[in-house]
There are 2 protein chains.
Amino acid sequence: MKNGKITIHDISKALGIDSSTVSRALNDSPRVSKKTKEIILNKAKEVGYQRNSLASNLRTNKTHTIAVVLPRVSRYFFATVIAGIEETAYEAGYNVIICQSLDNLNREKKIISTLISNRVDGIIMSISMETTNYEHLQAYKKLGKPIVFFDRPCSLNNCSNININNFQSSFNATKHLILKGCKHIAYFSGSLDIELYRQRKNGYIAALNEHNIKVNEHYIFESNLSEEDGIKSAKKILQLKSIDGLYSSNDTAAISAMQYLKSKNIRIPEDIAVVGFNNDPISAIIEPSLTTINQPAFKIGKIASNLLVDQIENKTTNIKEQSKLLNSELIIRNSSKKV
Amino acid sequence: MKNGKITIHDISKALGIDSSTVSRALNDSPRVSKKTKEIILNKAKEVGYQRNSLASNLRTNKTHTIAVVLPRVSRYFFATVIAGIEETAYEAGYNVIICQSLDNLNREKKIISTLISNRVDGIIMSISMETTNYEHLQAYKKLGKPIVFFDRPCSLNNCSNININNFQSSFNATKHLILKGCKHIAYFSGSLDIELYRQRKNGYIAALNEHNIKVNEHYIFESNLSEEDGIKSAKKILQLKSIDGLYSSNDTAAISAMQYLKSKNIRIPEDIAVVGFNNDPISAIIEPSLTTINQPAFKIGKIASNLLVDQIENKTTNIKEQSKLLNSELIIRNSSKKV
DNA sequence: CTGTTAGCGCCTTCAT
DNA sequence: ATGAAGGCGCTAACAG
């Protein structure tokens with residue numbers, strides 16, 4: 001009992017029961033009689049015993065800890081993913097530690113190195129923007145421990161990736177407007193040089209096609225989706241007049257457009273403007289007339305956590321089962337092999 | 001070299017040098033010759049050695065890890081505090097793990113229990129709203145390890161507390177307006193049943209007094225600082241007419257007030273409306289005419305981290321030194337004793 | 001400067 | 001159902 005810390009040996013001595021039995025009792029092993037278990041547990045509580053996980057982890061080579069590595073927690077999307085991860089992980093008996101790369105590769109490398117040293121059982125991560133090679137991640141995988149990637153894809157061997165299904169989510173958002181009666185739907189898109197925005201555009205077009213609404217290229221506003229872009233687009237919308245619905249890839253542009261329209265005393269009926277991928281409740285407060293269709297962040301967290309825990313424990317995940325949760329909002333590539 | 005993991009013994013055998021020397025070399029001990037150190041380090045790199053911190057921590061009873069326990073990371077204030085903590089902690093060679101209590105006492109208790117088991121070297125925390133007794137924290141303190149509290153005060157023995165200096169910050173904000181030429185300054189206050197808002201009100205009054213501006217109780221709008229309250233207050237401001245400046249305890253009410261005034265085509269000159277304690281950049285985007293005076297969150301993180309590390313390493317912190325950083329924005333109560 | 005030895009606290013065969 | 005013994009990987013005292 002050095003340093004005021006109580007060990008299983010202290011309990012062992014106090015009770016005249018061998019420390020191995022104490023250990024078994026504290027781990028609720030079936031190989032200890034109910035009576036002795038009770039005695040030991042009571043004593044443990046009485047003396048304020050707290051397991052030394054360092055020793056336990058060293059011995060078992062398991063830490064019951066998973067790490068989440070992502071650019072920064074202050075982005076609402078990431079914070080929400082974390083919430084989803086924690087909920088699932090805690091249920092499965094895992095601790096979660098959160099590490100911010102700040103989109104800096106060196107920092108990310110250092111984090112991974114620390115995670116290796118600390119032998120976390122698995123990693124859920126969204127790689128930094130600077131990450132183009134995966135040597136540091138490979139080093140972790142070599143320990144035989146799994147990594148699940150989300151949001152930003154990573155082609156590292158034998159890893160799962162979870163991504164938003166841009167096509168389907170965009171389709172859902174557009175369809176929502178069509179079902180509300182909109183026929184002339186403006187679409188705020190990011191640069192169509194970017195794959196992600198092409199996928200979303202395709203979802204928008206597919207929904208129109210499905211309802212026999214002909215696509216009008218003038219309704220598609222390609223921009224950087226900044227505040228100013230929102231205002232510019234709003235002005236164009238006013239000129240076009242016929243437009244009766246708005247679907248935006250992003251909340252910033254949509255909010256400024258809506259506020260501009262309001263400042264011109266244009267009445268905006270409920271539900272005729274939607275954002276496809278927003279997760280930030282602040283936007284909803286600023287501009288309540290905006291409806292958000294897909295809220296994938298929390299689900300991403302839950303699924304990432306499920307996948308990872310299953311891989312840690314060498315189970316196979318039933319992807320179909322997971323998909324039920326999803327309504328096709330997400331795409332899961334599970335290239336991990338059972339060991 | 002079981003499980004593909006390389007230990008100091010593998011290096012030891014490969015080189016015919018004792019493992020204790022290898023250990024010393026890897027820790028850059030001065031008691032190893034430069035040559036052998038080099039040989040060992042090279043070999044370590046060659047075979048991809050990664051220290052097993054679990055073993056090291058067990059042996060040394062130090063984890064070089066500090067934990068941050070707070071309600072939730074998604075609040076910008078807390079995210080900013082974390083940024084400050086991480087910056088300082090990493091410089092001092094500590095890892096940071098982040099734990100969210102979600103303002104739930106049971107969760108907080110479980111977190112502390114895990115932190116005890118994992119023997120983190122110190123804790124920086126903002127207690128949950130449900131936390132009224134401190135037994136679980138006491139259990140951690142018994143290990144002889146320090147806790148530093150911030151934002152929400154905690155009277156646990158021998159702990160440091162870091163809080164916003166409400167009086168001084170409020171004084172600063174009000175003074176800012178006075179120096180801008182405002183004579184009739186409205187003040188949006190939260191419920192004056194709450195100590196914190198009384199302190200802020202006193203700061204406001206003190207600044208007026210200092211400049212011989214007489215306090216007009218009609219200029220003080222006590223409310224819950226909600227959006228609706230902001231609009232109500234804005235209407236009253238319009239009636240009063242004379243008001244030429246606004247100081248708000250909180251951004252929500254201030255934003256809605258400013259937006260209401262704008263909607264009535266009231267021109268709002270720059271810098272005549274300020275928020276005392278806002279840290280959220282979103283507010284600045286929504287309502288650029290609002291100026292923010294005090295930005296204490298990052299500083300709180302840095303100072304908390306400094307204090308904690310000093311306590312872990314048994315140094316005394318020079319509080320005066322810290323205060324230079326602060327401009328009296330914060331109050332530090334350092335009741336921790338050196339051991 | 002390097003090697004020997006022991007032990008951090010726990011878990012897990014193996015034996016009884 | 002319980003006890004005895006060894007070792008996870010590392011480091012720190014003590015020798016030399």
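What you are looking at is a predicted structure, and each value in this text was computed from that prediction instead of being measured.
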Practice task
Output yes when at least one side-chain N/O atom of A:Thr36 is less than 4.0 Å from OP1 or OP2 of D:dT2, else no.
Solution key: yes
Problem - d(NZ, A:Lys62; C1', C:dC10) in whole Å - result: 16 Å
Exercise for the section: Measure from NZ or CZ of B:Lys110 to the centre of the six-membered ring of A:Tyr90, then state whether that distance is under 6.0 Å and the direction lies within 45° of the axis. Expected result: yes
Exercise for the section: Please report the shortest heavy-atom distance between B:Ser29 and B:Lys37, naming the atom on each side. Expected result: O-NZ, 3.0 Å
Pair up each side-chain donor or acceptor in residues 13-25 of chain A with any protein partner under 3.5 Å, not counting sequence neighbours, and list the distances.
| from | atom 1 | to | atom 2 | distance (Å) |
| --- | --- | --- | --- | --- |
| A:Asp18 | OD2 | A:Ser20 | N | 2.9 |
| A:Asp18 | OD2 | A:Ser20 | OG | 2.7 |

Problem - NZ/NE/NH1/NH2 to OD/OE distance under 4.0 Å, A:Asp103 and A:Arg152 - result: yes
Practice task
Report which part of the nucleic acid B:Leu54 touches: base, sugar-phosphate, or nothing (heavy-atom distance under 4.0 Å, all strands).
Solution key: nothing
Problem - SB check A:Lys109 A:Glu130 (cutoff 4.0 Å) - result: no
Practice task
Write down the distance between CG (A:Asp10) and P (C:dC8), rounded to a whole number of angstrom.
Solution key: 11 Å
Handout entry: B:Leu58 or A:Pro30, whichever maps to the more 5' nucleotide of DNA chain D
Key = A:Pro30
Problem - Carboxylate-amine/guanidinium contact B:Glu86 A:Arg107, below 4.0 Å - result: yes
Exercise for the section: Could you encode protein contacts along nucleotides 10-16 of chain D as a string, one character per nucleotide from 5' to 3', using B for base contact, S for sugar-phosphate-only contact and - for no contact, with a heavy-atom cut-off of under 4.0 Å? Expected result: BBBBBB-
